[in-house]
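What follows is a single structure, written as structure tokens, with notes after it.
Below, chain A is the first sequence line, B the second, and so on; all start at residue 1.
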Amino acid sequence: MPVLLLVDGSSYLYRAFHALPDLRTSQGEPTGAIRGVLSMLRRLESDYKAEFRACVFDAKGKTFRDELYPEYKSHRPPMPDDLRAQIEPLHAAVQAEGWPLLAVEGVEADDVIGTLTRQAQERGWEVVISTGDKDLTQLVRPGVKWVNTMSEEVLDEAGVEEKFGVPPERIVDYLALVGDAVDNVPGVEKCGPKTAVKWLTEYGTLDNLVANADKVGGKVGENLRKHLDFLPLGKKLVTVATDVALPLELDALPARGDDKAALRALYERFEFRGWLKDLDGPGGSAPVRKDGGGARSANAAAPEASGAVAAVEATDPPAAPGAHRGSYVTILDWATFDAWLAKLDAAALVAFDTETTSLDPMAAQLVGMSFATVAGEAAYLPLAHRGPDVPAQLPFAEVLARLKPWLESDAHAKLGQNLKYDAHVLANHGIRLAGMAHDTLLESYVLESDKSHDMDSLAKRHLGLTTIPYTDVCGKGAKQIGFDEVALERASEYAAEDADITLRLHRTLWPQLEAVPALAALYRDVEMPAMQVLFDMERTGVLIDDFLLAQQSEELGRRLMALEREAHELAGQPFNLGSPKQLGEILFGKLGLPVVKKTATGQPSTDEEVLVQLSDDYPLPKLLLEHRGFAKLKSTYADKLPRMVNPKTGRVHTSFSQAVAVTGRLASSEPNLQNIPIRTAEGRRIRAAFIAPRDHVIVSADYSQIELRIMAHLSGDARLLEAFAHGEDVHRATASEVFGVTPAEVTSEQRRYSKVINFGLIYGMSAHGLAKNLGIDRAAAQGWIDRYFARYPGVADYMERIKGEAKAKGYVETVFGRRLYLPDLRAQQVGRRQGAERAAINAPMQGTAADLIKKAMIAVHGWLGASGLKSRLILQVHDELVLEVPRDELELIRRELPARMGGVAELAVPLLVEVGAGNNWDEAH
DNA sequence: CTGCTAGCATA
DNA sequence: GTATGCTAGCAGA
């Protein structure tokens, strides 16, 4: 089914002009809006394979709305000269890009789009309307969707209803009630979105509402009645016309190829240097213009055939959710395999994905692989599908052997979505994946770490496409089947789509990264290399003493039993100590202890803080605290870790997630090795079970006070910088300042207070939080905060500055330019907003620390590799690196490591690294 | 069997 | 007061 892509050029022109920086050529000609609109067209071109398309602009001349209502748009200020100056050149550029351009005198762009949409619908075509104007959502229908390429919002019927509360058919009713300030169309006074939706939900349509206007109560009801006379006119004004006379037919709008000569001239005039370069050679990120795809590409290869009507792709499957699917093939014979291998060898970049038997990277076995070299075209190579109806697949070993050179070649660039996983899968088959050039997971993460990065979400968000969810193919929960059991046709569809979508995603994400040099650098120089380091760390794993853990488990079990018995005696009845519900009934019901605080659901809380308070006056809470501590150690660590030992390697292989923490930190899971106990003696016994093999030691190197140092750097506070420059104990220095004594006179109590304050600063503390933590009243806590800020004015300034910056920009940055978006800064609820403000303070510090240690990992890993050392990185715990070191390398590592880690950046403070070594992780501290 | 809550381990 | 992941218990399928 052909796709018609309609772009509201006028709406984007205005928005680009106001939203984008004031770009100018050296002659002073404004070009910002031109560039903005053109890059949106390019993005659309790569996002949608549309056989027909048009870019529509408003034209001069009075429209029917002006006739109906002289005030229409009458309040608008005249168009800025800098905007007007860009219209003509933009029109020229749009046409040179191969976009049919429509500007119909006396007709607004909206009405042209409305009319073309109706015509296309009548022919059964699909329509994509790209605009920044929400009024056009009234045109959405099955097969017609609305996308805002600037905000990347995509709305279908359900989406419109979700966003506005009324279906597309009711949008005009809704607009007539609410009015349109932009176009100077008044609505019912005091009737906003909420009221309009309420009325339309109650009365169904505007007409019915009008018929029942006398029944509507309240002041707004009165306003409605006052407005009854105007409503029909208002509705006409907000209704997009679908029947205006157009000077041409749909068939006159095929997607054409670009006019290179014209583009070159225009780009030269606009001084778009990067795009000029793209014109010369097919750059890595240029939209697909060669062979294979659909009618659009075919025409692009032959610009002179611009009048030809696009042919419909014969291999397009019919189903709606897969409408984007191009020609996907399943490789089942050698001839097809050879043809694809030749393609892979020749391609500059190949999107690549594996299908496997398991989500556990160390256990997963290969079931198949998919490849894509051109958007819309992909192949699935099944290797190990099982089942009665499975056709013969090419022989596993032979295929792998023939693919191995390509897979292991650094010169053949691969692109994937979470390539670290694919690298593990291949490693399980003895293949060392090389040439990992791009990863859409990491691209998305660097661009917007607060969003989700799974392929289904990415496809929806960036391409407006609905992909096949994994659970649709394999089911979920207990009934989930392995990918090797999926019917081949279904598997092929799913797998090929994965590769195809990955490629398309890269084509839209990568240019976005390149547009912000700091982000591109972060992606290229930090995240991509870190992925390789993490892969090696995961693969190496850590050795644990499972016998020691088993002993501890038994001992913990005994002590838990004893504690339980005592607790039951004190309670006068047996109950489950691990059940907060039963515990609450005993403590606050039967024993009548005072309720200190409640949980989120209104239940009396029994958490640690509460039990600590109660244990002053009662015996049971103390037992419970001990029980809780031991139970956690036993179940989470002593019992769990031995079960996580990989039978093949005899070691524990955690999984590091590189794209979950919004601040840039890593996360460790299955098992989480970043939360191994350290605070209590009992807990440290767990840590002691992380051991080094024979003739090796565990080395731990951590950044000292990293976040406070970063705070000193970011704030530039003179006193704080000085304290670090002189290698002082910062908490003691803080105490000395705040309490007004010499450092030598600081008591341990004063130092403890200062430490809490320092941590509080990093977390964006409030007086309330500090008071709770120190067990003092709010006023006293505020007093300490005031004294701190008086002594460290640079820090106070910084806190204010960062909050202001966050509000202005919507995000904060790390020292290296990593962005954390904070949409909640504009939230309605005070609580959410304050939370976002605290996050704004914390994120640059936590995030910069994360950047630094990632750089350190890359530096250390590179150094170990380059010098042929056998020492291995095995863990990262946010400010600490853990290595397994052969004894004969210990001296060298001890000597070199601090400088390697400390030298990754020049901050205004020295980066101090403390190194320890021992037979186990506990001893290494 | 799944999804939620409470609680708690780390930096 | 920031950022995570995992466990047991429990309610509702």
Side-chain angles (χ1 to χ4, degrees), chain A residues 449-450 475-480 575-584 597-611 624-625 627-641 644 654-657 659-680 682-684 686-687 702-708 711 756-774 781 785 799 812 820 822 831 834-847 849-850 853 875-880 921:
Chain A
S449 65
D450 59 322
K476 57 176 179 173
K479 284 192 279 286
Q480 192 165 60
F575 68 101
N576 184 345
L577 278 72
S579 162
K581 187 168 163 257
Q582 294 182 32
L583 184 55
K597 67 169 175 179
K598 305 230 172 150
T599 69
T601 54
Q603 299 303 306
S605 168
T606 68
D607 71 8
E608 185 176 334
E609 190 196 324
V610 170
L611 295 183
L624 295 170
L625 280 169
H627 186 273
R628 284 252 179 91
F630 290 157
K632 176 92 179 174
L633 289 178
K634 183 173 189 298
S635 64
T636 310
Y637 305 106
D639 288 348
K640 194 63 207 273
L641 288 173
M644 300 299 289
T654 185
S655 193
F656 286 107
S657 303
V660 296
V662 291
T663 50
R665 273 191 182 179
L666 299 176
S668 158
S669 63
E670 290 180 276
N672 181 354
L673 298 185
Q674 289 182 323
N675 71 346
I676 301 303
I678 193 169
R679 285 172 209 203
T680 67
E682 282 300 329
R684 278 199 297 277
I686 301 285
R687 200 164 264 246
D702 65 276
Y703 284 114
S704 162
Q705 309 290 1
I706 185 73
E707 293 185 357
L708 274 179
M711 186 169 90
V756 173
I757 293 173
N758 279 332
F759 271 100
L761 287 163
I762 294 170
Y763 297 150
M765 81 180 155
S766 62
H768 176 72
L770 184 66
K772 226 168 91 175
N773 214 301
L774 288 174
I785 293 174
M799 297 291 172
V812 291
L820 167 63
L822 297 158
Q834 287 173 338
E837 281 173 14
R838 291 191 295 271
I841 288 172
N842 175 259
M845 296 184 257
Q846 191 182 123
I853 198 161
L875 292 174
Q876 186 255 44
V877 194
H878 308 310
D879 64 0
E880 170 189 13
W921 195 4

Of all the nucleotides listed ([options]), which has the minimum atom distance to the side chain of [X]?
{"X": "Pro580(A)", "options": "dG1(C), dG5(C), dA6(B)", "value": "dA6(B)"}
{"X": "Arg665(A)", "options": "dC1(B), dC6(C), dA3(C)", "value": "dA3(C)"}
{"X": "Tyr763(A)", "options": "dC1(B), dG1(C), dG9(C)", "value": "dG1(C)"}
{"X": "Gln582(A)", "options": "dC8(B), dG5(C), dC10(C)", "value": "dC10(C)"}
{"X": "Ala667(A)", "options": "dA6(B), dT4(C), dT2(C)", "value": "dT4(C)"}
{"X": "Val660(A)", "options": "dA3(C), dG7(B), dT4(C)", "value": "dT4(C)"}

Next item on the list: Of all the heavy-atom pairs spanning Val662(A) and Ser449(A), show the shortest one and how long it is.
Entry: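 Scanning both residues, the minimum pair turns out to be O-OG, 2.8 Å.
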
Checklist line | Heavy-atom closest contact (Val877(A) atom, Leu673(A) atom, distance) | finding: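 Scanning both residues, the minimum pair turns out to be CG2-O, 4.3 Å.
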
Check: Hey, what do you get for CD (Glu707(A)) to CG (Asp879(A)), rounding to the nearest 0.5 Å?
Finding: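 It is 8.0 Å, given to the nearest 0.5 Å.
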
Check: Does the side chain of Arg679(A) get closer than 4.0 angstrom to OP1 or OP2 of dT10(B) through an N or O atom?
Finding: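 Indeed, a polar side-chain atom of Arg679(A) lies that close.
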
Note to self: If the cut-off is 4.0 Å, is His878(A) near the phosphate of dT10(B), judged by side-chain N/O to OP1 or OP2?
What the structure shows: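 No.
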
Note to self: Distance criterion of 3.5 Å, no angle test: do you see the side chain of Gln674(A) paired donor-to-acceptor with the base of dT10(B)?
What the structure shows: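 For Gln674(A), whose side chain was compared with the base of dT10(B), there is no donor-acceptor pair (under 3.5 Å).
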
